[in-house]
J.: 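Following this message is one structure expressed as structure tokens.
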Amino acid sequence: MTRTEQGVRCCALYAALCLGILSSSTVAQESGTGRIVAGKPLSYWIGQATSASRTEEVGRVVEALAEAVADGDATAKVAAADTLATLGVAAKPALPVLLEQLTQELAWIRASAAGAARAMGKDAVPALIELFEKQQGGDSVRAAFILGSIGADAKSAIPSMVRIMNASNEVMRVRYANILNQIDPIQFPGNRTRPTLQAGRVQLGDDDLGFEHGGLSRDWSQFHGPNRDSVCRDRGLLQAWPEGGPALLWVKEGLGMAYSSVSIAGGRIITMGDRPVPGGEKAQFALAFDVNTRAELWATRVGGPFKDGPRCTPTVVGDLVYVLSTEGTLFCLEAATGKIRWQKSLPEDLDGKMMSRWQYCESPLVDGDRIICTPGGPETALVALDRHTGNLIWKCTLPSLGEKGADGAGYASAVVADIQGVRQVVQIMGRGVVGVDAATGKFLWGYNRIACNVANITGPVVRGNYVFVTTAYNTGSALLEITRSGDTFGVQELYFLAGRDFQNHHGGVVLADGYLYGGRGGNSGHPTCIDLATGKICWSERSPSRGSASVVYADGHLIFRYDRGEVILLEATPEAMRIKGRFTPVKGQGPAWAHPAIHQGRLYLRHGDKLACYDLRAVN
């Protein structure tokens with residue numbers, strides 16, 4: 001099967017699932033069933049678009065799909081736009097309707113419409129330039145981003161973009177400069193890949209991929225697992241998936257809308273969600289369910305709703321749970337009852353601010369008796385609180401890191417590690433990555449080149465004295481060596497990968513046996529393997545499914561969870577991309593941005609209001 005055929009196949013599967021034409025009764029009840037377009041179900045037109053033996057004229061198919069994009073609900077819009085992307089330039093008559101969707105509030109509608117426009121290549125450029133030159137709100141900026149993603153075929157946009165860039169504020173000038181770099185990297189150099197290293201320059205030592213407890217790991221008690229590294233230490237898992245994927249054990253509904261993942265500890269599944277409350281409104285909650293019966297144990301209201309819900313994954317330590325609402329209030333809750341022990345507002349009590357318009361997303365970090373979070377304030381960039389009382393232990397003021405990025409907290413979650421003999425908190429801020437003394441809050445080092453001014457999201461990867469960082473919006477990736485001379489710390493950039501070579505948007509990267517794995521591209525998940533020690537890209541392949549991908553490592557394999565498509569099992573090897581299985585998971589509303597969790601051989605996938613549990617064990 002060719003890559004094009006694979007792309008068509010995954011789009012068809014996704015669209016079919018969204019519209020209820022697969023056999024699952026769960027899907028049929030919740031997708032856009034009954035939607036009639038041009039006299040026939042939308043599923044018919046999707047089938048015609050993706051069939052090698054279509055009976056309808058392609059123009060008629062495009063017209064029907066465009067109608068669904070214009071007038072359908074969110075699920076129908078995304079399914080139709082994703083299908084139009086498979087038609088490439090043949091879908092050009094639908095371009096005006098697609099560009100109208102760039103003003104939609106829901107990000108996954110915008111992303112699917114942008115993807116369909118991008119698939120038309122140079123044929124979409126004149127209309128995109130016209131939209132860009134109008135300079136009316138977010139759709140104009142998004143048109144510029146699409147032009148950048150088209151690349152060299154969009155060179156006719158350069159005069160307009162340069163003119164508008166020169167008349168813009170500093171924030172927008174930086175964004176347009178990055179886009180121009182995508183279109184013509186010779187004329188507008190921007191970030192360039194710095195030569196990778198010779199083998200042997202960096203000595204990483206062995207990975208900590210050890211197993212314990214007879215093959216089953218300890219609790220998945222926080223974001224990205226017990227060590228915050230997206231590594232599951234279970235063994236005895238399926239080395240290839242059967243047709244249809246691993247067995248579905250159960251589905252739990254009623255979590256509320258959220259991008260929060262789940263933490264599993266002490267026999268409880270703990271997460272967050274925006275749920276209805278009396279009076280027809282919604283509110284934000286922390287939630288706990290029994291891991292065996294799925295019965296709800298408690299629900300604690302933690303604030304007002306936010307668009308498509310909270311992003312924080314709870315952190316569980318012993319009998320306490322820590323959550324951060326999108327409004328920026330940090331809560332300490334009793335794990336058994338959900339009772340509030342204490343709370344602290346990052347913006348109000350700690351003068352915090354975000355780098356851009358989205359609200360707080362961080363999953364709190366616990367280190368001993370300290371809980372560490374990122375208010376993003378001028379004198380409170382990071383803070384440590386007593387995790388039992390909420391009292392302030394230290395606060396960190398950052399010096400100027402450089403001109404790139406924006407002041408305030410980013411959207412990443414911090415990690416803690418011993419670097420050059422000092423326990424350090426490493427975090428991605430609005431102005432870049434920083435290292436802070438975990439005991440005192442003293443600023444130790446910072447690096448600005450990795451910062452963009454839209455959203456810095458993917459968390460850092462630390463190995464020994466080395467830190468790997470990556471951000472999107474055509475920024476790129478870097479490996480840093482943290483140096484020390486007495487009490488003075490420094491940063492040496494060992495290599496830099498330009499955004500066109502590797503950038504991760506928000507699905508994260510995972511380190512296994514000295515190699516980094518993750519999805520490449522903005523709102524994309526092209527699987528990529530990088531030799532951490534040298535920066536060499538071992539392989540990078542076209543995405544086998546739609547949307548961005550979050551990734552987790554388990555028992556020699558990688559699970560890529562695509563936000564608008566399938567779940568893919570890949571062998572964790574630097575030799576080549578080897579797909580060992582794939583399946584279409586239970587679907588909810590919106591993009592599936594919640595990262596996977598694995599506990600006791602079971603894979604937990606959240607999508608909006610639903611949580612599905614799959615059996616990964618080779619022997620039950």
J.: For Ser543 and Pro527, which heavy atoms make the closest approach, and how far apart are they?
T.: CA-CD, 3.8 Å
J.: Say you draw a straight line from OG1 of Thr458 to CG of Asn504; how long is it, rounded to the nearest 0.5 Å?
T.: 3.5 Å
J.: Would you say Tyr515 and Asp531 make side-chain contact, with heavy atoms under 4.5 Å?
T.: yes
J.: Main chain of Thr573, side chain of Trp539: is a donor-acceptor contact present, judged purely on distance under 3.5 Å?
T.: yes
J.: Would you call Phe443 and Leu401 a side-chain contact if the rule is heavy atoms closer than 4.5 Å?
T.: yes
J.: Tell me yes or no: between the side chains of Arg500 and Asn181, is some donor less than 3.5 Å from an acceptor?
T.: yes
J.: Name every donor-acceptor pair, under 3.5 Å, that has one atom in a side chain of residues 484-491 and the other anywhere in the protein, sequence neighbours excluded.
T.:
unit_1 : atom_1 : unit_2 : atom_2 : d
Arg484 : NE     : Gly486 : O      : 2.7
Arg484 : NH1    : Gln420 : O      : 2.8

J.: Show the numbers, then the answer: is there a side-chain hydrogen bond (donor to acceptor under 3.5 Å, both in side chains) between Asp563 and Ser548?
T.: CA-CA 6 Å; Asp563 70 36; Ser548 63; 2.8 Å; yes
J.: To the nearest 0.5 Å, how far apart are CG in Leu497 and CZ in Arg520?
T.: 11.5 Å
J.: Compare every heavy atom of Thr313 with every heavy atom of Ser363, then report the nearest pair and how far apart it is.
T.: OG-N, 2.9 Å
J.: For atom CD of Gln239, decide whether the heavy atoms of other residues, nucleotides or ligands shown that lie under 6.0 angstrom number more than 12.
T.: yes
J.: With side chain to side chain contact (heavy atoms under 4.5 Å, CB included) as the test, would you mind laying out the steps for Tyr473 and Arg175 before giving the verdict?
T.: CA-CA 8 Å; Tyr473 302 95; Arg175 293 185 186 178; over 6 Å; no
J.: Restricting to salt bridge (charged side-chain N to carboxylate O under 4.0 Å, His left out), what partner residues turn up for Arg311, sequence neighbours left out?
T.: Asp308
J.: Which atoms form the tightest heavy-atom contact between Thr271 and Pro314, and what is the distance?
T.: CA-CG, 3.7 Å
J.: Taking it one step at a time, do Asp219 and His599 satisfy side-chain hydrogen bond (donor to acceptor under 3.5 Å, both in side chains)?
T.: CA-CA 7 Å; Asp219 285 341; His599 177 254; 3.1 Å; yes
J.: Among Val461, Ile419, Leu494, which one satisfies side chain to side chain contact (heavy atoms under 4.5 Å, CB included) with Tyr466?
T.: Leu494
J.: Would you say the side chain of Cys373 lies within less than 4.5 Å of the side chain of Leu324, judging by non-hydrogen atoms?
T.: no
J.: Side chains of Val425 and Asp367, heavy atoms from C-beta outward: is any pair under 4.5 Å?
T.: no
J.: Could you work out, with side-chain hydrogen bond (donor to acceptor under 3.5 Å, both in side chains) as the rule, every residue matching Gln222, not counting sequence neighbours?
T.: Arg228
J.: Does a side-chain heavy-atom distance below 4.5 Å link Tyr517 with Pro574?
T.: yes
J.: Which value, rounded to the nearest 0.5 Å, describes the distance between Ile537 atom CD1 and Phe502 atom CZ?
T.: 8.0 Å
J.: Considering all heavy atoms of both residues, which atom of Asp234 and which atom of Gly601 are nearest to each other, and what is their separation?
T.: OD2-N, 2.7 Å
J.: Indicate the atoms forming the closest heavy-atom contact of Ala144 with Ile179, along with that distance.
T.: O-CG2, 3.3 Å
J.: Can you spot which of His505, His607, His506 makes a ring-ring contact (aromatic ring centres under 6.0 Å, His included) with Trp593?
T.: His506
J.: Only one of Ile372, Ile371, Val416 forms a side chain to side chain contact (heavy atoms under 4.5 Å, CB included) with Val366, so which one is it?
T.: Ile371
J.: So Val321 and Arg268, side chain to side chain contact (heavy atoms under 4.5 Å, CB included) or not? Walk me through it.
T.: CA-CA 11 Å; Val321 177; Arg268 305 178 188 92; over 6 Å; no
J.: Could you check whether atom NZ of Lys442 has more than 12 heavy atoms from other residues, nucleotides or ligands sitting under 6.0 Å from it?
T.: no
J.: How far does CD1 of Ile450 sit from OG1 of Thr471, to the nearest 0.5 angstrom?
T.: 4.0 Å
J.: Go through it in stages, so that I can follow the logic: the residues are Leu611 and Trp250, the test is side chain to side chain contact (heavy atoms under 4.5 Å, CB included), and I'd like the CA-CA distance, side-chain angles, deciding distance and then a yes or no.
T.: CA-CA 8 Å; Leu611 178 65; Trp250 49 260; 3.9 Å; yes
J.: Between the main-chain N or O of Ala438 and the side-chain N or O of Arg370, is there a donor-acceptor pair closer than 3.5 Å?
T.: yes
J.: Rounded to the nearest 0.5 Å, how far does CZ of Arg233 lie from CG of Asn227?
T.: 4.5 Å
J.: So do Pro460 and Ile428 actually touch side chain to side chain, heavy atoms under 4.5 Å?
T.: yes
J.: Is there a side-chain contact between Val567 and Ile559, using heavy atoms and a 4.5 Å cut-off?
T.: yes
J.: Would you confirm whether Arg606, through its side chain, and Gly608, through its main-chain N or O, come within 3.5 Å as a donor-acceptor pair?
T.: yes
J.: Kindly assign one of parallel, tilted or perpendicular to the pair Tyr614 and Phe583, based on the angle between their ring planes and the thresholds 30° and 60°.
T.: tilted
J.: Is Ser524 reaching over with its side chain to a backbone N or O of Gly522, donor-acceptor style, under 3.5 angstrom?
T.: yes
J.: Please report the interatomic distance CD(Glu403) to CZ(Arg431), rounded to the nearest 0.5 Å.
T.: 8.5 Å
J.: Would Val552 and Trp220 count as a side chain to side chain contact (heavy atoms under 4.5 Å, CB included) if you check the C-alpha gap in whole Å, the side-chain angles of each, and the deciding distance to 0.1 Å?
T.: CA-CA 12 Å; Val552 64; Trp220 193 273; 3.9 Å; yes
J.: Please tell me if the side chains of Phe145 and Asn178 come closer than 4.5 Å, counting only heavy atoms from C-beta onward.
T.: no
J.: Spell out, as yes or no, whether a donor-acceptor pair under 3.5 Å connects the side chain of Ser261 to the backbone of His595.
T.: yes
